[in-house]
Amino acid sequence: MATLMEDAPAGELQVVGGLSLSALEAISLGHKVSLLPIACDSPVIKYGVTIGLATRNIQPGEWVHLHNCRSLLDARSSTLDPHTGIPKVKLP
Amino acid sequence: MNAWQGYLRSDGAKGIRNLILVVYTVECASFVAHEIARGQEDVHVVGFPGCYDNDYAMRLMLALATHPNVGACLAVGLGCEYTQPANIASAATKSERPSEWLFIQEQGGTRAAVEHGKQAVERLRAQLAARTQRAPMTVADLVIGAECGGSDGTSGLAGNPAVGRMYDLLVDQGGTAIFEEVVEMMGLRDILLERAASAQAARELAAAYDKAESYCRAVRQYSISPGNFAGGLTTIEEKSMGAFAKSGSRPIQGVLRVSQPAPMPGLWLLDSVPDNHFMQFGYTNPNDTEGIMDLISAGAHIILFITGRGSVIGSPVSPVIKVTGNSRTFRRMQEDMDFDAGRVLSGDITLNQAGDELLALVQQVAAGALSKPEALGHREYFLMYKHQDTPSLETGCRA
């Protein structure tokens with residue numbers, strides 16, 4: 001994973017360390033972009049540790065977040081809205 | 001700046017502030033307690049809302065009433081509750097701090113109790129002024145607590161690592177560094193245990209980790225919130241790697257419990273998670289303020305609070321210094337933020353420079369400069385029911 005140090009539109013990203021990478025979508029500051037292809041159910045690695053598992057195939061340049069990555073511990077997070085992190089409203 | 005003048009307490013502890021603490025013993029007394037303190041910058045308030053007593057909360061109140069930054073104490077009760085203000089005042093007296101207590105019912109109601117309380121504060125202030133001793137302090141005398149809240153993707157890259165670098169400097173100079181939030185070390189058991197200073201410390205860390213993990217499982221809530229997700233953190237494991245960075249790189253000496261001071265300088269982990277047999281009683285990390293109170297109860301003179309999204313809390317007793325790894329947040333909330341560690345990400349300074357600057361800022365605040373939350377008047381506190389197997393109340397009071 002690489003972490004965005006500024007908001008970025010889709011397109012070429014400057015990666016510290018010199019990799020060439022193109023964002024497939026707009027990605028916000030603090031969010032993650034995948035450097036490598038990740039198969040569904042494979043580990044998502046940041047800081048050299050597994051921070052979760054891919055819940056679908058992920059392409060290089062794709063935004064990685066609640067919609068395509070889940071915790072190994074916390075079942076609740078993948079049910080939340082990927083943009084706001086807020087629980088989806090259940091009206092009676 | 002190598003040394004500054006602190007406040008010497010009779011037990012040898014040195015404080016960086018000389019406060020009068022008003023402690024109330026039930027929610028019914030909170031209004032009167034705040035009215036007594038209103039408008040007086042050297043008078044801070046904490047209190048426990050419950051009518052039924054709780055060992056953990058009592059230990060916390062006693063630890064705050066006898067904190068090195070506190071020089072005198074007024075305990076305020078309604079008159080029906082289990083927790084006795086007289087006991088808090090007597091623990092403060094035993095520590096040679098001027099102290100008084102009152103029951104609102106005995107005073108004859110709100111107005112009379114506020115009036116009596118204000119007069120008591122005047123007496124305490126005069127006694128404190130007459131007995132206050134100054135003594136030189138250095139970094140080696142400091143106990144610093146660190147906590148993060150409102151974290152985002154920058155917290156693990158800049159905010160927490162900058163504090164970690166400063167913690168390394170603090171520990172190397174003989175000071176005491178305390179970090180907490182075991183529930184934000186989820187997935188990092190091996191990385192945590194590798195940092196143990198001894199076999200005993202490793203056993204303590206393993207027990208604290210395992211308890212926290214089973215606690216989160218039991219309450220079905222991990223320590224991650226909508227703001228964290230919106231800021232780019234996807235899982236508790238990812239947030240944990242960032243949170244753990246604030247511990248720096250030095251060996252961890254062991255695990256402290258709430259209200260337990262560090263037995264010697266160095267780096268310590270504070271365990272604030274309720275114990276197993278009573279796990280559903282209380283909630284760990286119910287909010288950031290509770291964690292700050294726990295760190296202060298362990299003797300922290302200053303709290304470093306790392307926030308990427310931006311937080312506006314402060315605390316009574318010990319000043320909070322706000323550190324953000326997000327320069328955008330720093331600019332947007334400049335009146336609340338003390339330190340912009342986002343300059344590390346933009347390449348303006350190195351992480352080592354950030355650590356040096358942060359230690360210098362800590363020394364300035366220790367010497368009397370007001371931190372931003374302190375100057376704004378933020379004095380949030382949060383005490384609640386919790387169960388921890390800790391030493392007997394007598395030991396907990398350091399009686």
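Values below: every heavy atom of this structure, side chains too, minus hydrogens, waters and symmetry copies. Just so we're clear, the structure is a prediction, and the values are computed from it rather than from any experiment. Chain letters run A, B, ... following the sequence lines, proteins first, then strands; residues in each count from 1.
Your options are Gly187(B), Ser155(B), Gly156(B), Gly308(B), and the one with the most heavy-atom pairs under 4.5 Å with chain A is Gly156(B). Contacts with chain A were tallied for Arg217(B), Met241(B), Glu238(B); Glu238(B) has the most, counting heavy-atom pairs under 4.5 Å. Your options are Gly232(B), Gly153(B), Ser327(B), and the one with the most heavy-atom pairs under 4.5 Å with chain A is Gly232(B).
To the nearest 0.5 Å, atoms CD1 (Ile236(B)) and CG (Asp74(A)) are separated by 7.0 Å. Rounding to the nearest 0.5 Å gives a distance of 11.5 Å between NZ of Lys239(B) and OG of Ser77(A). Note: Leu233(B) CG to Lys32(A) NZ = 6.5 Å, rounded to the nearest 0.5 Å. Rounded to the nearest 0.5 angstrom, Leu345(B) CG and Leu29(A) CG are separated by 8.5 Å. Rounded to the nearest 0.5 angstrom, Ile191(B) CD1 and Tyr47(A) OH are separated by 11.5 Å. The structure places OH of Tyr222(B) at 5.0 Å from CG of Leu73(A), a figure rounded to the nearest 0.5 Å.
For Asn326(B), the part lying under 4.5 angstrom from a heavy atom of chain A is the side chain only. For chain B, the nearby part of His83(A) is the backbone; its heavy atoms alone come within less than 4.5 Å. Ile86(A) touches chain B through backbone and side chain together, each having a heavy atom under 4.5 Å away. Contact annotation for Leu72(A): both backbone and side-chain heavy atoms come within less than 4.5 Å of a heavy atom of chain B. For Val64(A), the part sitting under 4.5 Å from any heavy atom of chain B is the backbone (N, CA, C, O) and nothing else.
More than 12 heavy atoms of other shown residues, nucleotides or ligands fall within 6.0 angstrom of atom CD in Glu25(A). Surrounding CZ of Arg332(B) are more than 12 heavy atoms belonging to other residues, nucleotides or ligands, all under 6.0 Å away.
Contact check for Cys69(A) versus Thr235(B): side-chain heavy atoms found under the 4.5 Å cut-off. Side-chain contact between Arg328(B) and Asp7(A) is present, with heavy atoms from C-beta onward closer than 4.5 Å.
Checked by atom type and distance alone, the side chain of Glu237(B) never pairs as donor or acceptor with a backbone atom of Thr50(A) at under 3.5 Å.
For the side chain to side chain contact (heavy atoms under 4.5 Å, CB included) with Thr234(B), the qualifying choice from His67(A), Lys46(A), His65(A) is His65(A), the only one to do so.
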